[in-house]
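A quick note: this is a predicted structure, and the numbers were derived from the prediction, not measured.
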Amino acid sequence: MSMRATLRAWRERGVVPVAGAVASGVLTAAAFAPLEWSDTAWCGLVPLILACAYVTPRQAVRLGWIAGFTFWLCSIFWLTRVTFAGWLLLSAYCALYTVPLAVVVSWWFGRFGAGRFLPNAAFLLGGTAVWTFSEYARFTLFTGFPWNPLGVSQATNLAFIQHAVWGGVYAVGALVAVANMAIAVTVLRYLRGHARFGRTPHIELLLAMSLILVAFVTGTRLYRAVVVVGDELRVAVVQPAIPQEEKWSVESEEMIYTRLRDLTLQAVEWTQPDLVVWPETALPVDVRLSEGWYELVDRLARLGTPILVGSMDSETLMDGQPRYYNSSFLFATNGMIVGEYDKNHLVLFGEYVPLHEYVDIVNALTPVMESFSPGDTNTVFELPGRGTPFSALICFEDSLPYLARRSVRNGARLLINQTNDAWFDPSAASRQHQLLAVFRAVENRVPMVRSANTGYSCHIEATGRIRETLVSEGGRHDGAGFLLVPVVVPPAAMPLTWYTRHGDVFAWVCGVVALPFLVPAFAAVRRRRRDEVGA
């Protein structure tokens, strides 16, 4: 049997399409930590597109889900450190957002083929729009899961990521997606006999490459044009590196107390910072209700440096029931609390469990013992004695574009992420988390400082360039220590970026463009199902 006949037989049995879907999932996942082979993102969707071009829309549903499931299994494997069932279920859910592109590909090439330029050019536009809006939907629906969008694969490519100032991370992802569409169309033309090697001009590929070249040139100019002026703020970031299994242990309180005290004393006495930052829930108690822990923060703050403290907070309702918050407190040098922020966007099954009091099985998906309540206000802190406006983003809030954007619109000129990645360390989760934060800085043109219990404590410039990063003995990023970062904070009168002012307009435009592709494509899925039932 010839190779072509063998491939045809495998394709008819579904082996080749499934292999293509799996290959796409693996290639795309390789673009993110731990491998960070960012170049694979530019072709990661190609095998899936080629596979779906040879199947029915209904079969494409399965292939799209397989590709997405493979990607998420690979890229969030670190979730197994907390919950194996949650890893599988979250991967299965997020895989659904790959299905729209797969269905559109099947319907489009089944109807228009790949031999004409205008339909191919329309597919470049429509396919990119479908992918981009699907990512936006994943960011926002059902509390959202904004992890590892395609654009983040280019987080260290400073030229490309500058386009986030007008389109957010979605604009960067669209550049990567359109390259995938163009490569796939070009390969498809060869596979279907519409092109010959060395003889056929590939205008679709030329269009996409031209767009990417223009994006690179303009992005480079944007990067070089950024001149941040303002006051320099010396921020000391404390990373206590408390293992998660010890963080809430009564037996470990003395160790936590001593480590926070010693690291803060060293940071203040050796570097004389303007602000000290502790990570998310650095204190294993409600600081306002614990005399010993409050006394510690009070004593350290009176050394002359305000401290931003991650702590629990609580209140008792009228019915006597307690309510808990994941909070950030700013202590002035007189030991008084002068600002407080309660985390707004809680992590589903990580900080709260819906219906846990009614359905016992949901408690098996999470280690959460008590659910937190979300805060309902955005806080812009003012640094005592300096007046510098900044906002705190707790835990994974720095992965959510709308929270950072809202803070900057309200006047913040510095973003501070307090997080605890010890749930997953050592793993790729911390690095993935850090690269997500890069885009919040670029989108709003403000610097970010990150303080992690373990993970990547660092300083990110307004251009997205990662500057100082805390490195402990042995070159590890999850050890204990402190880091002094000089941060240039823009003035209150700085011009806001397009993205800060207008938000996700680009993503919504993609949704409008995607609609004429999605409606007939999914209608074809339903027609096929009815035909099969009728048969």
Open item on the list: Going by the rule side chain to side chain contact (heavy atoms under 4.5 Å, CB included), which residues pair with Thr264 if we only count those two or more places apart in sequence or in a different chain?
Closed with: Val238, Val268, Val276, Trp278, Leu300, Ile307

Open item on the list: Is any side-chain heavy atom of Ile256 closer than 4.5 Å to one of Leu260?
Closed with: yes

Open item on the list: If we count only N and O atoms by modelled type, under 3.5 Å, do the side chains of Glu280 and Asn326 hold a donor and an acceptor together?
Closed with: yes

Task: Whether Phe142 and Tyr93 hold their rings parallel, tilted or perpendicular, with breakpoints at 30° and 60° - done: perpendicular

Task: Side chains of Tyr499 and Asp504, donor plus acceptor under 3.5 Å - done: yes

TODO: Check whether any side-chain N or O of Thr497 sits under 3.5 Å from a backbone N or O of Thr500 as a donor-acceptor pair, and report yes or no.
DONE: yes

TODO: Under the ring pair (Phe, Tyr, Trp, His ring centres under 6.0 Å) rule, collect the residues that match up with Tyr341, sequence neighbours excluded.
DONE: none

Task: No-hydrogen, no-angle side-chain donor-acceptor test under 3.5 Å, Arg445 and Gln162 - done: yes

Could you pull out every donor-acceptor pair under 3.5 Å between side chains of residues 207-219 and any protein atom, sequence neighbours left out?
unit_1: Ser210; atom_1: OG; unit_2: Leu206; atom_2: O; d: 2.7
unit_1: Thr218; atom_1: OG1; unit_2: His163; atom_2: NE2; d: 3.4
unit_1: Thr218; atom_1: OG1; unit_2: Val214; atom_2: O; d: 2.8
unit_1: Thr218; atom_1: OG1; unit_2: Ala215; atom_2: O; d: 3.2

- [ ] Could you label the plane-to-plane angle of the Trp147 and His433 rings as parallel, tilted or perpendicular, counting under 30° as parallel and over 60° as perpendicular?
- [x] tilted

Task: Between Asp421 and Thr419, a side-chain donor and acceptor under 3.5 Å - done: yes

- [ ] Say whether His459 and Glu468, considering side chains only, have a donor N or O and an acceptor N or O under 3.5 Å apart.
- [x] yes

TODO: Taking the side chain as every heavy atom from C-beta outward, state whether Val82 and Gln244 have any pair of such atoms under 4.5 Å apart.
DONE: no

